[in-house]
**Student:** 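Can you read through this structure? Questions will come right after.
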Amino acid sequence: MYIEPTNHSWGTKECIYGYEFHVDGLEWTVVSEWGLVCDRRYLARLITTLYFAGVTVGGLVFGALADRFGRQPMMLLCLYVQLILGAGLYFVRRLIIFISVRVMQGFFLQGLQTTTYTLLMELFSPRYRTLAGVAAEVFWALGLILLAICYYFVQHWRYVQLAISIPTLVTLLYIWLIPESLRWLISRGRVRRARLVTERIAYYNGLRLSGDLLQQLDKLCQTVGGQACHSYDIRDLFRTPAIRRNSLVLFFVWFTVSLTYYGVSLNISDLSGNRFFNFMLGGALELVAYLLTYLSLRLVGRRTCVVAYLLLSGALLIGTVAARRLLQTDLIDVPSLVTSLTLLGKASAVSTFCSVFLLSSELLPTVVRSLAMGACMSWARIGGLVAPQILLLGDLTYTWLPFLLFGSLALLAGFVALVLPETARRSLPDTLQQAERSSKQDADEIVSDVGYGNSPRWIVQDGLIVSRPSDETGPHGGDRRWRSPETSADEFDKHSDSTTPVDGSAPLRFLVNGEPTTVHNEVYAYKQHIVLCDIDETRL
């Protein structure tokens, strides 16, 4: 309250008469519950900051646990613990307990997001991975729309907590259908479990697996899983040059996108118009953005989308600052224009999120994918943690300063992301070596149909990529079938028909000095290894 009501220049003092809240309808929030206004206003921002602190730690912890113990068990643990915590908030009566439970809830919710998305990417082949990744984000947007509708009609925060937590129980009806990641099982050498999951998937799809295919699966587990004894940690993201570069750039991109997204989202209630409608409109724009992103991802690839959407988001947010500072209200409806540019900037940030999710999961190898995704999401949550503080800085200085910072960082991240390799239509790397090699190949613009992890006809032997010897011979003593347990998990389905002989009329093609070269071979005429290239070379 003012020290002198007739002269506000004297400043303010503590409210000695307490608070009385005038609310619309039945609305009752955490702010009104514990009087987070005036000298306690900072606590409202602090609650959000501490929540994101829990989220930040959760991504790292459950990312590492999922790489060690599996995606499925960690996903189930996070799913049902966050249900208990969310419903438990209904009964909380003290602010300190509310804050503590919210931090724990953020910890498990981030674990749920990390493990779920990693499992989703590893369950789908390259052909359907884009659709699966975008579909997951579509449900995020639908959740925002439903949240706005729920809060508009319920309005009391305790009942809202029940309304958004209890529906998790529906997952009990179908959660048993979701298998463990076959790729993770292969990378850990879990032969028996991998067989069970493969047979189960085939059964539900009305397929029968041949004994030869299952033998290939066993060999693949034994070969790729040979490194399972190695314990991976966060340091493995910085051991090799290409993976280190990709990790650092992705961390910065994730931080910037999250900072922009949450900075705009938390500021939407301060924009002109009904805040419930603005929030729901923001969710609807996200839904449209995801659908448009799906088309752009299919047309131009992951990296181009990430760069383009970052630059667009930065330009739109800086445009809001220009509109506020330069335009006159008598010429145009400035508040409506600012709201429109802000929502479009958020939609662009959403599209960046969708694109960088796919790009990150496809750049990082299976053995550390969940850990790496957790690390990326932790940097994203650091951005979410910083966003409220930057908005608070705007309250203390200039209201346009936060959006100028958000937009500038988005532009910078867009240019930095240009160094990342493209991953569209590529197999997921399973090992650190495959991820390193894949990044180098992209940088050198190599296109090849053969090589380790790309063809069952070639294997690594003594540091060389050589032709694969067969267990069976043709009528002339040559190889009749081609097999390779070293084939990557994505290629397992593509080349599963190993009983097809190499036809003499079907030549082998590869690049020599940038020119396509064709080698014709007589059927069954292979009698010895053919050295293709050194495994450490970047060109054939």
Side-chain angles (χ1 to χ4, degrees), residues 59 66 71-72 74-76 78-79 82 109-149 164 167-168 170-171 173-184 197 201 204-205 254 257-258 261 280 282-306 308-309 346-364 366 369-370 373-374 376-377 380 423-428 489-490 493:
R71 292 30 170 151
Q72 187 190 53
M74 293 299 103
M75 179 188 69
L76 295 178
C78 294
L79 179 64
Q82 68 84 26
L109 276 172
Q110 186 56 64
L112 178 62
Q113 185 180 23
T114 301
T115 55
T116 301
Y117 196 88
T118 303
L119 177 61
L120 183 70
M121 290 295 98
E122 294 179 350
L123 285 177
F124 285 87
S125 62
R127 180 179 179 184
Y128 299 106
R129 196 176 296 137
T130 301
L131 178 60
V134 174
E137 302 299 332
V138 165
F139 277 90
W140 171 281
L142 291 175
L144 292 178
I145 296 173
L146 290 175
L147 177 61
I149 295 174
I164 64 178
T168 303
V170 177
T171 60
L173 300 176
Y174 65 84
I175 197 68
W176 53 274
L177 291 172
I178 302 176
E180 177 59 276
S181 167
L182 180 60
R183 182 182 294 276
W184 178 82
V197 170
I201 294 175
Y204 279 111
N205 286 276
W254 277 84
V257 177
S258 180
Y261 175 84
M280 185 174 67
L285 282 175
E286 288 195 26
L287 181 60
V288 175
Y290 288 136
L291 298 178
L292 294 177
T293 304
Y294 173 72
L295 297 178
S296 59
L297 285 170
R298 294 293 300 271
L299 291 175
V300 300
R302 282 59 159 140
R303 178 180 57 186
T304 304
C305 284
V306 169
Y309 286 129
K346 179 186 176 183
S348 183
V350 164
S351 296
T352 311
F353 252 134
C354 185
S355 304
V356 79
F357 257 111
L358 279 169
L359 180 63
S360 302
S361 63
E362 292 175 345
L363 271 179
L364 306 167
T366 301
R369 180 170 295 117
S370 187
M373 288 296 293
C376 286
M377 292 181 185
T423 61
R425 295 175 293 278
R426 283 194 172 196
S427 300
L428 290 180
D490 274 336
D493 292 331

**Student:** Could you walk me through whether Val350 and Glu137 pass the side chain to side chain contact (heavy atoms under 4.5 Å, CB included) check?
**Tutor:** CA-CA 9 Å; Val350 164; Glu137 302 299 332; over 6 Å; no
**Student:** With sequence neighbours excluded, tell me which residues meet side-chain hydrogen bond (donor to acceptor under 3.5 Å, both in side chains) with Ser361.
**Tutor:** none
**Student:** Residues in side-chain contact (heavy atoms from CB on, under 4.5 Å) with Phe139, at least two apart?
**Tutor:** Leu142
**Student:** How many angstroms lie between atom CG of Leu182 and atom CD1 of Ile201, to the nearest 0.5 angstrom?
**Tutor:**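 The CG atom of Leu182 sits 6.0 Å away from the CD1 atom of Ile201.
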**Student:** Please name the pair of heavy atoms, one in Gly301 and one in Cys305, separated by the smallest distance, quoted to 0.1 Å.
**Tutor:** O-SG, 3.2 Å
**Student:** What I'd like to find out is whether the side chain of Leu123 reaches to under 4.5 Å of the side chain of Pro179, using heavy atoms alone.
**Tutor:**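 SC-SC contact between Leu123 and Pro179 confirmed.
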**Student:** Do you know the tightest heavy-atom contact between Ser355 and Thr293?
**Tutor:** OG-CG2, 3.5 Å
**Student:** Leu177 and Tyr204: which non-hydrogen atoms are nearest, and at how many Å?
**Tutor:**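 Heavy-atom minimum between the residues: CD2-OH, 4.2 Å.
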**Student:** So which atom in Leu131 and which in Tyr294 form the shortest heavy-atom distance, rounded to 0.1 Å?
**Tutor:**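 Taking every non-hydrogen atom into account, CA-CE1, 3.6 Å.
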**Student:** State, to 0.1 Å, how close Leu297 and Thr130 come at their nearest heavy-atom pair, and which atoms those are.
**Tutor:** CB-CG2, 3.9 Å
**Student:** Who are the ring pair (Phe, Tyr, Trp, His ring centres under 6.0 Å) partners of Phe357, not counting sequence neighbours?
**Tutor:** Tyr117, Trp254
**Student:** Got a sec, which pairs hit salt bridge (charged side-chain N to carboxylate O under 4.0 Å, His left out) with one end in residues 350-363, sequence neighbours left out?
**Tutor:**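 Found Arg129-Glu362, Arg302-Glu362.
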**Student:** Using 0.5 Å steps for rounding, measure from the OG atom of Ser370 to the CG atom of Leu364.
**Tutor:**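 So the OG of Ser370 and the CG of Leu364 are separated by 10.5 Å.
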**Student:** So which heavy atom on Ala141 is nearest to which on Gly283, and how close?
**Tutor:** CB-O, 3.7 Å
**Student:** Identify, with sequence neighbours excluded, every residue that meets side-chain contact (heavy atoms from CB on, under 4.5 Å) alongside Gln72.
**Tutor:**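 Scan of Gln72 (side-chain contact (heavy atoms from CB on, under 4.5 Å), adjacent residues dropped) gives Leu76, Glu180, Arg193.
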**Student:** Applying side-chain hydrogen bond (donor to acceptor under 3.5 Å, both in side chains), name anything that partners Ser181, two or more places apart in sequence or on another chain.
**Tutor:**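 Ser181 satisfies side-chain hydrogen bond (donor to acceptor under 3.5 Å, both in side chains) with Glu122 only.
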**Student:** Tell me every residue that passes side-chain hydrogen bond (donor to acceptor under 3.5 Å, both in side chains) with Thr116, counting only those two or more places apart in sequence or in another chain.
**Tutor:**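 For Thr116, no residue satisfies side-chain hydrogen bond (donor to acceptor under 3.5 Å, both in side chains) once neighbours in sequence are set aside.
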**Student:** Rounded at 0.5 Å granularity, tell me how far CG in Leu119 sits from CZ in Phe124.
**Tutor:** 9.5 Å
**Student:** To the nearest 0.5 Å, how far apart are CE in Met121 and CZ in Arg71?
**Tutor:**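 Going from CE on Met121 over to CZ on Arg71, the span is 12.5 Å.
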**Student:** My understanding is that only residues two or more places apart in sequence, or in another chain, count here; which of them pass side-chain contact (heavy atoms from CB on, under 4.5 Å) with Ile149?
**Tutor:** Ile145, Phe153, Met280
**Student:** Check whether any side-chain heavy atom of Arg183 lies under 4.5 Å from a side-chain heavy atom of Arg369, and answer yes or no.
**Tutor:**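 They are in contact (side-chain heavy atoms under 4.5 Å apart), so the answer is yes.
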**Student:** Among residues at least two apart in sequence or on other chains, which ones pass side-chain hydrogen bond (donor to acceptor under 3.5 Å, both in side chains) with Thr114?
**Tutor:**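 Checked Thr114 against side-chain hydrogen bond (donor to acceptor under 3.5 Å, both in side chains); matches are Gln110.
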**Student:** Identify, with sequence neighbours excluded, every residue that meets side-chain contact (heavy atoms from CB on, under 4.5 Å) alongside Leu79.
**Tutor:**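 Leu79 satisfies side-chain contact (heavy atoms from CB on, under 4.5 Å) with Gln82, Leu112, Thr168, Thr171, Ile175 once adjacent residues are dropped.
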**Student:** Applying ring pair (Phe, Tyr, Trp, His ring centres under 6.0 Å), can you list everything that pairs with Tyr261, at least two apart in sequence or on another chain?
**Tutor:**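 Once residues adjacent in sequence are excluded, the partners of Tyr261 under the ring pair (Phe, Tyr, Trp, His ring centres under 6.0 Å) criterion are Phe353.
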**Student:** For residues 284-296, pull every pair meeting salt bridge (charged side-chain N to carboxylate O under 4.0 Å, His left out), keeping only residues two or more places apart or in separate chains.
**Tutor:**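 Only Glu286-Lys346 qualify under salt bridge (charged side-chain N to carboxylate O under 4.0 Å, His left out).
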